[in-house]
Each structure stands twice: as C-alpha cells, then as structure tokens.
Amino acid sequence: MTVSSGLHPAPVPAVRRLPQPRAALTLIKPITWFPPMWAFLCGAVSAGGSFVQGWGLVLLGIVLAGPIVCGMSQAANDWCDRHVDAINEPDRPIPSGRIPGRWGLWIALAMSALSLFVGWFLGPWGFAATVVGVLAAWAYSAEPVRLKRSGWWGPGLVGLSYESLPWFTGAAVLSAGAPRIEIVIVALLYGIGAHGIMTLNDFKALEGDRQMGVNSLPVTLGPERAARLACWIMAIPQVAVIALLFHWGREPFAAAIAAGLFGQVWAMQVLLRDPKGRAPWYNGPGVGLYVSGMMVAAFALRGMG
C-alpha cells in the first residue's frame with residue numbers, strides 16, 4: 001500500500017542577481033551625509049568669499065562631500081564589515097542578500113571613481129582633498145590597513161575626514177587657494193573633537209566588534225570609561241576654539257559656542273548615567289549643539305577675512 005501525503009516541498013527562493021534599488025540607497029546611508037556636507041558649508045562660509053559668484057562650486061562640493069564621497073565610504077565600510085554586520089545587524093543590505101554577490105564592492109569602487117571625477121572640477125585643492133578622502137575611506141575599512149580595528153586611529157581618521165577635511169576643502173574651493181591658518185586650526189580642532197562622536201557611534205556594534213576583534217574603545221575600555229573619555233575628547237577642542245576666538249577678538253561668537261558647550265555638558269551627564277543605552281539619544285542634543293557651534297565658528301572666521 002502506498003501513502004501519498006499530498007505535501008509538496010516549499011519553493012526555494014530565487015537568489016538575487018541584481019541589488020534592490022532601495023537596498024542600494026540604504027547601503028550608502030543618506031543619514032550619514034549631513035556631517036561632511038555641513039562641514040564643507042562651514043568651510044565655504046569661513047573663507048569669506050562671495051557665494052553669489054561661487055554658488056556652483058559650493059553646491060558641487062556639498063554634493064561631493066555628502067552623497068558621493070560619504071556614500072562611497074559607507075558602501076566600502078559595509079562591504080568590508082559584512083561579516084561583522086552578519087552578527088550585529090543581519091538585516092543590512094549585504095548580509096541580508098538584498099545586495100547580492102560582490103555588488104557591494106562594485107558599488108563602492110564605482111563611487112570611488114565618481115568621487116575622483118567630480119572632485120576634478122573643484123580645482124587642484126578640491127581634487128587633492130577628494131583623493132585624500134577616498135584613500136581615507138578605504139584605509140579605514142579595508143584590509144590590510146583597516147584602521148577601524150583601532151579605537152584610536154579609526155575614530156580619529158573618521159573625525160578628520162568628516163569634519164576637518166571637508167571644512168578645509170570648502171574654504172580652499174571658495175577662496176581658490178590655501179585657507180588662512182585660523183581656518184585650518186579651527187577645522188582641525190572640530191575634527192579632533194569628532195573622535196568622541198565616532199566613539200559613541202561604536203556603541204551600537206559592541207558585541208560584534210568584540211567577537212570579530214575590532215578594538216573599539218567601548219570594547220577595550222568598557223562602555224562607562226569609553227563614554228567618559230569621549231565626552232572629554234568632544235569638550236576640550238571646543239574649549240580651545242572658544243579661547244582662540246576670545247584671543248582673536250570674536251567675543252560674541254566665543255560666548256555663543258560656550259553656551260552650546262554648557263548644553264552639551266548637561267547632555268553628557270545624562271549620557272553617562274547609561275552610556276550604552278543613551279549613546280543614540282546623545283546624537284540629538286549633544287551632537288546638534290556641537291555642529292551648531294561649528295557654523296558659529298565659521299561666521300566668526302568669516303568676519304576676520
């Protein structure tokens with residue numbers, strides 16, 4: 001006697017050959033574009049040039065800094081981090097299969113080439129800065145360099161790439177030459193302070209980083225000590241900016257940045273009560289006040305030109 005179950009095996013889902021368009025947009029993370037775009041705009045403001053005459057270059061530079069170079073860096077990072085993301089965030093485009101095969105790598109390489117092509121139209125200073133930005137993105141994520149493995153070098157490189165480099169580029173492009181030394185100093189200080197912001201960003205990947213040997217500061221120091229150190233790293237450069245603006249006779253701007261720093265200190269106290277849980281919350285009030293101070297400093301520098 002034969003028995004027929006009437007059951008049929010479930011169909012095997014077809015393996016994707018092309019990326020989902022929505023997944024490709026998710027891969028380059030539009031939410032991350034703001035910091036370098038804002039920093040480029042700060043640099044253009046600080047240069048003191050005419051926006052009426054240079055609006056085209058400013059707009060091109062903002063697009064280059066955000067969607068193109070920053071988007072490329074996100075694609076490169078996700079490709080190089082696909083094994084870590086399979087642990088931390090398996091629903092991301094690459095580990096979930098929505099970006100199949102080696103498409104993540106191809107997207108990152110294509111956007112690297114696009115970055116250099118667009119950067120060429122910003123003149124020698126803009127192109128040189130673009131080259132540095134592309135190299136920094138790959139040095140952060142890719143083997144054998146992979147500076148992301150270090151809780152010191154990784155966030156430092158990202159902070160300088162997201163804040164100092166686009167600020168310098170915006171000032172250089174609008175002024176058609178090397179920025180003034182005051183602009184360079186302030187841009188460097190805000191880039192150094194962004195190391196702390198990047199350290200707080202590492203909290204979300206704590207477990208995967210620990211398993212995959214990524215020695216972020218939350219992994220090596222623990223959440224409490226890492227958060228406390230990040231707060232100091234964010235605060236001290238801003239104190240230096242305030243002191244410099246007072247020294248340069250820009251007292252009202254220095255006072256405005258100091259008021260923003262006091263607000264950040266309040267947010268830091270809230271953060272330190274529960275560093276791991278509160279790190280995402282800090283991005284609102286704390287980072288918001290930080291980047292607002294950048295634009296205040298940019299207008300202070302503009303008035304010195």
Side-chain angles (χ1 to χ4, degrees), residues 10-37 63-118 130 133-151 153-159 161-162 197-219 276 279-280 283:
V12 178
V15 177
R16 294 192 63 88
R17 298 182 62 183
L18 296 174
Q20 290 181 359
R22 184 185 294 272
L25 181 62
T26 303
L27 181 70
I28 60 177
K29 299 183 183 68
I31 196 172
T32 66
W33 300 349
F34 173 76
M37 293 169 69
V63 172
L64 175 65
I68 301 178
V69 175
C70 184
M72 174 275 300
S73 72
Q74 297 299 326
N77 184 62
D78 269 26
W79 171 256
C80 297
D81 264 6
R82 61 195 184 278
H83 305 302
V84 178
D85 289 341
I87 299 171
N88 286 324
E89 298 174 88
D91 59 337
R92 279 192 171 186
I94 294 176
S96 69
R98 289 177 293 141
I99 302 284
R102 301 176 71 85
W103 270 101
L105 175 61
W106 296 338
I107 290 171
L109 292 174
M111 293 188 70
S112 298
L114 179 62
S115 299
L116 298 175
F117 174 76
V118 175
T130 304
V134 170
L135 292 175
W138 285 102
Y140 175 76
S141 300
E143 299 287 359
V145 181
R146 195 162 167 75
L147 293 178
K148 184 175 184 175
R149 283 192 299 251
S150 168
W153 290 105
L157 179 65
V158 175
S161 299
Y162 272 41
I197 299 174
M198 296 303 111
T199 296
L200 295 181
N201 190 55
D202 285 337
F203 275 73
K204 69 179 186 297
L206 180 59
E207 295 306 322
D209 286 350
R210 183 180 289 120
Q211 293 181 41
M212 300 301 293
V214 176
N215 295 318
S216 67
L217 292 185
V219 170
K276 189 175 180 180
N283 287 332

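What you see is a predicted model, and the numbers here were worked out from it, not measured in a lab.
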For R92 versus D78, what's the shortest heavy-atom pair and its separation? NH1-OD1, 3.1 Å
Do C70 and F34 have side chains that approach each other closer than 4.5 Å (heavy atoms only, starting at C-beta)? no
Among pairs that include at least one residue of residues 85-114, which meet ring pair (Phe, Tyr, Trp, His ring centres under 6.0 Å), considering only residues two or more places apart or in two chains? W103-W106
Can you list the residues that meet the salt bridge (charged side-chain N to carboxylate O under 4.0 Å, His left out) rule with D202, with sequence neighbours excluded? none
Can you name the closest pair of heavy atoms from P218 and T199 and give their distance? CG-O, 3.9 Å
Which atom pair, heavy atoms only, marks the closest approach of A75 to I107? CB-CG2, 4.3 Å
In Å and rounded to the nearest 0.5 Å, what is the CG to CD1 distance from L18 to I99? 10.0 Å
Closest heavy-atom pair and its distance - V69, S115: CG2-OG, 3.7 Å
Reported CG-to-CG distance for the pair D91 and D85, which is rounded to 0.5 angstrom: 9.5 Å
Any side-chain heavy atom of L27 within less than 4.5 Å of one from W79? no
Contact between V134 and L116 at the side-chain level, heavy atoms closer than 4.5 Å - yes or no? yes
Over all atoms of both residues, closest heavy-atom pair of G66 and M37: CA-CG, 3.4 Å
Does L64 form a side chain to side chain contact (heavy atoms under 4.5 Å, CB included) with T130? I'd like the steps, not just the answer. CA-CA 9 Å; L64 175 65; T130 304; 3.4 Å; yes
Should the heavy atoms of other residues, nucleotides or ligands under 6.0 Å from CH2 of W138 be counted, would the total exceed 12? yes
Taking the side chain as C-beta and beyond, is there a heavy-atom pair between L25 and P30 under 4.5 Å? yes
Within this structure, what is the CE-OG distance for the pair M198 and S216, rounded to the nearest 0.5 Å? 13.5 Å
Minimal non-hydrogen separation, A108 against M72, with atom names: O-CG, 3.5 Å
Below 4.5 Å, heavy atoms only, C-beta onward: do S96 and P90 meet side chain to side chain? no
Going by atom type alone, with no hydrogens or angles, which donor-acceptor pairs under 3.5 Å involve a side-chain atom of residues 139-148 and a protein atom two or more places apart or on another chain?
{"from": "S141", "atom 1": "OG", "to": "N77", "atom 2": "OD1", "distance (Å)": "3.1"}
{"from": "E143", "atom 1": "OE1", "to": "R149", "atom 2": "NH1", "distance (Å)": "2.7"}
{"from": "E143", "atom 1": "OE2", "to": "R149", "atom 2": "NH1", "distance (Å)": "2.9"}
{"from": "R146", "atom 1": "NH1", "to": "D81", "atom 2": "OD1", "distance (Å)": "3.1"}
{"from": "R146", "atom 1": "NH1", "to": "S141", "atom 2": "O", "distance (Å)": "2.8"}
{"from": "R146", "atom 1": "NH2", "to": "D81", "atom 2": "OD1", "distance (Å)": "2.6"}
{"from": "K148", "atom 1": "NZ", "to": "N77", "atom 2": "OD1", "distance (Å)": "3.3"}
{"from": "K148", "atom 1": "NZ", "to": "D81", "atom 2": "OD2", "distance (Å)": "2.0"}

